[in-house]
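The first residue of the sequence shown is numbered 1, and numbering continues consecutively from there. Atoms within each ligand, like the ligands themselves, are counted from 1 in listed order. Only a predicted model underlies this, so the values are computations on that prediction, with no experimental measurement involved.
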Amino acid sequence: MPTQKTLRRLAREHGTPLVVIDHEVLRRNYATFKKYLPRVQAYYAVKANPDPAIVRTLFDVGASFDVASMPEFMIVYDLIKDMPAKQRQDWIWDKIIYAHPIKADATLRELDQYKALVTYDNSEEIRKIRKHAPHSGLALRLKVPNTGAMVELSSKFGAAPGEAVDLILEADRAGLVVEGLSFHVGSQTTNFENYVQAINLAASIYKEAQDRGYTRMNLLDIGGGFPAPYDDTVRPFRDLARRINAEIDRLFPKNIEILAEPGRFLVATAATAVASIIGKAVRDGKLCYYLDDGVYHTYSGILFDHCHYHVEAMRKGPREICTVFGPTCDALDTISMAEELPSTLKRGDLVFSRNIGAYSVASSTSFNGFPPATVVHINQ
Ligand SMILES: *Cc1c(COP(=O)(O)O)cnc(C)c1O
C-alpha cells in the first residue's frame, strides 16, 4: 500500500475523492495466486474492477480473463485487436471465458463471431446458444454450496447436480461441445470447505458424464471466491490453495485443464481510497464526519458487496466512536455508524480506506450530481 505521504501528495495533485491503484500489488497478487495454484490458469473476473489499466497490467503478466458482458469483453479485446486474425482467435479461445450463464440473444449474436467459451446452466440457454452462438464452446455452471460466503450466488445460477449430466447430453445432442464444468462457491469465501465440496461434486458429475458416454470434457473451472485479507480472521491463501490442489490431484486426471476466475483476490488490496472531510456536526451527542466520498461512490461495496471498510485518519488525536457519512442527501449514504476516529479532525483533513479495489469503483454512480472518485495509478 502507498505510504500516507504518497497519498497526501496524490490528493494534493489530483484532489479528492481519489482512488489510488497500486499496480505493484496487482502483480504481486497475481504472482501469489500462480505460486500457490501452479496448475490453475487465472482468468481475472473483470467485473470486480473493470479499469482498463488494471486489465492491461494483468494481461502483461499473463492473466486470462473472465468477462460477463460485451462491454467487458471489449475492454479485453482492445488489448489484442492488433494481433493477426488467427492468433487473435486462438488467444480468445485460450484466454477468455464469458462466464455469465444467462445471455441475451443479441449478446450471443455478437459474441458468436469471436468463438469464445461460454457458461450455461439450463435448457433454454442451450436453445439460445444453438441458435445465436453455435461456434461457442460450453462449460456447464453447477450449483454448489455457498455457505458462509460474503456474497451468495447459488440462488441465482447453477444447474442442480441431479440435472447436470442431462444438460450436458442435451447440449451434445444440440450439436454443441461441452468442454467442461464450472462453479462459483460465493464471493469472499472464508469457509474453505466450500471449495472441497464443490470440487468433489464436479468430480462426481465428470465421472457420471463419462459413464453415460460423454467423454469430451477437458476442463474444470473452479470459479472465483478466493478471499482477500481484509482482516486477520481470513486464513492464508496458501492454506486454501493446499486443499484445492490436493482435491484436484486426487479427483481429476492429470491432463485436465484447471481454470479459476479470481476477481476480488487480485484487486481488493491494490486500491486505497482517499477522501476529504467536508463537514462536521454533533447529532444526538455523537460526532459525525461528512466525507466527499460515500456509499453511492467508492464505498458502494458497503451495500452491494456486504463489505465493511474502515476509515482511517492521517493525524493523531483523542479518539471516539463517530458516524461517517457520504456526501449525498440520502441517509442511506452512511459509511459507518461506529468508526473510531480522532475527534479533532478538521474540515479539509484527509482520511483513507485500504483494500477497496474490488466491487467499489466498479459500481460507483453519479447520484445526486456527485461524480465518481478520480482514479490514479502508481507503479504502473
Ligand atoms: C463475480 C464472479 C467472479 C469473481 O468472483 P470473486 O469472488 O471476486 O473472485 C468469478 N466468476 C463469476 C462467474 C462471477 O460472477
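- Salt-bridge annotation for Glu72 and Lys47: absent, with no side-chain N of the basic residue lying under 4.0 Å from a carboxylate O of the acidic one.
- Using a 4.0 Å heavy-atom criterion, the residues that approach ligand 1 are Ala45, Lys47, Asp66, Ala99, Arg141, His184, Ser187, Gly224, Gly225, Glu261, Pro262, Gly263, Arg264, Tyr359.
- For Thr190 and Gln188, the side-chain atoms include no donor-acceptor pair closer than 3.5 Å.
- Cluster note: Ile378 groups with Met1, Leu7, Leu10, Leu18, Val20, Val274, Met314, Leu350, Phe352, Val376 through ILVMFWY side-chain heavy atoms spaced under 4.5 Å, whether in direct contact or through intervening members.
- Within the 6.0 Å centre-distance limit, the rings of Phe226 and Tyr195 are counted as a close aromatic pair.
- Side chain of Lys286 to main chain of Thr323: no donor-acceptor pair is present (N/O by atom type, distance under 3.5 Å, no hydrogens or angles).
- For Phe59 and Tyr44, the ring centers sit 6.0 Å or farther from each other.
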